[in-house]
There are 2 protein chains.
Amino acid sequence: MTRTMASIGTKWKPIIIYTIGKRTIRFGQIYALMGIISKKVLTEQLKELVEDGIISREKFDELPPRVEYTLTPKGIDLLRILNMLTIWNDKHNPEPAQK
Amino acid sequence: MTRTMASIGTKWKPIIIYTIGKRTIRFGQIYALMGIISKKVLTEQLKELVEDGIISREKFDELPPRVEYTLTPKGIDLLRILNMLTIWNDKHNPEPAQK
DNA sequence: CGGGATCCGTTTCGATACTG
DNA sequence: CAGTATCGAAACGGATCCCG
């Protein structure tokens, strides 16, 4: 359990996994969609997620460079659980409308 | 989602929830069972979990004082999801036996 | 016993500038 | 475009002491 949390129990990783979702997506898109994270941190977290086998990274030798990220089967399994968390949240939170 | 993670996406909270489980438990027991966490941090995290409605706190005016914690229905729902995370982990991790 | 208050080292984060 | 390098700020976590 403690180890499990090390892979995903962080501020950013669940959000990154959620943002990638069931598609192939480029670095810049993740960066743009998340809006608030810095490139440095995003890069670090992505690297760790790759090491943990949750996402895969494919680099194309083009100019300008292109790098695509995709959830692995392990990552998709995890995404399912994260989806349950949002359901859990919706169920128990009064939904503050705005703000 | 970002908000959801704020409630549980931390190093300790999931472990605390997991430790409490489906029982009423005293502060000292949680502290002893977790072993490694400091009292200060445990106190802080418990307080936040109470604020998030995940656990409830009951204080008895005795001497020495006694404080009991229990998962709320919301917390029990969350525990179910955390259990799925450990299943996910067992499924995808080769189980390094020792170390 | 269950904290609160302090102090302080470690880790994490973000802004900015730079590169192939 | 997708990073890397550097730096300083901020959050986090632990140790210790105190208190009702």
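Throughout, a chain's letter reflects where its sequence line sits, starting with A, and its residues are numbered from 1.
Using a 4.0 Å heavy-atom distance criterion, B:K59 is classed as making no nucleic acid contact.
Rounded to an integer number of Å, the gap from CD1 of B:I16 to C1' of D:dC12 is 14 Å. Atom CD1 in B:I30 sits about 13 Å away from atom C1' in C:dG3, given to the nearest Å. One can place CG of B:L49 at 13 Å from P of C:dG3, the figure rounded to the nearest angstrom. In this structure, CD of B:E68 is placed 13 Å from C1' of C:dG2, rounded to the nearest angstrom. Taking atom CD on B:E58 and atom C1' on C:dG2, their separation rounds to 15 Å, with Å as the unit. Computed from coordinates, the A:Y31 OH to C:dG14 P distance equals 10 Å when rounded to whole Å. Taking atom CG on A:L42 and atom C1' on C:dC13, their separation rounds to 13 Å, with Å as the unit.
Put simply, B:Y69 has a side-chain N or O that comes within less than 4.0 Å of OP1 or OP2 on C:dG3. Neither OP1 nor OP2 of C:dG3 sits under 4.0 Å from any side-chain N or O of B:R66. Between B:R26 and the phosphate of C:dC1, there is no side-chain N or O to OP1/OP2 separation shorter than 4.0 Å.
Hydrophobic clustering (ILVMFWY, side-chain heavy atoms < 4.5 Å, transitive): A:V50 and A:Y31 are in one cluster.
Judged by closest nucleotide on DNA chain C, A:I37 is the one of A:I37 and A:P64 placed further toward the 5' end.
One N or O donor and one acceptor, one from the side chain of B:K40 and one from the base of D:dG13, sit under 3.5 Å apart.
Closest approach to the B:Q45 side chain among D:dG13, C:dG4, D:dT4 is made by D:dG13 (side chain taken as heavy atoms from C-beta onward). The side chain of A:K39 sits closest to D:dG3 out of D:dG3, C:dG14, D:dC1. When each of D:dG20, C:dG20, D:dG3 is scored by its nearest atom to the side-chain atoms of A:P65, the top-ranked nucleotide is C:dG20. Out of C:dG3, C:dC13, D:dG14, the shortest distance to the side chain of B:S38 is found at D:dG14. Out of C:dG3, D:dG13, D:dA2, the shortest distance to the side chain of B:W12 is found at D:dG13. When distances run from any side-chain atom of B:K11 to the nucleotides D:dG13, D:dG3, C:dG3, the shortest one goes to D:dG13.
At a threshold of 4.0 Å, the pair B:K59-B:E68 does not count as salt-bridged, since none of the basic side-chain nitrogens sits closer than that to a carboxylate oxygen.
Residues B:S56 and B:T72 bring no donor and acceptor atom of their side chains to less than 3.5 Å of each other.
Panel note: side chain B:W88, backbone A:K74; a donor-acceptor pair is recorded below 3.5 Å.
By the 4.5 Å heavy-atom criterion applied to side chains, B:R57 and B:V67 are counted as neighbours.
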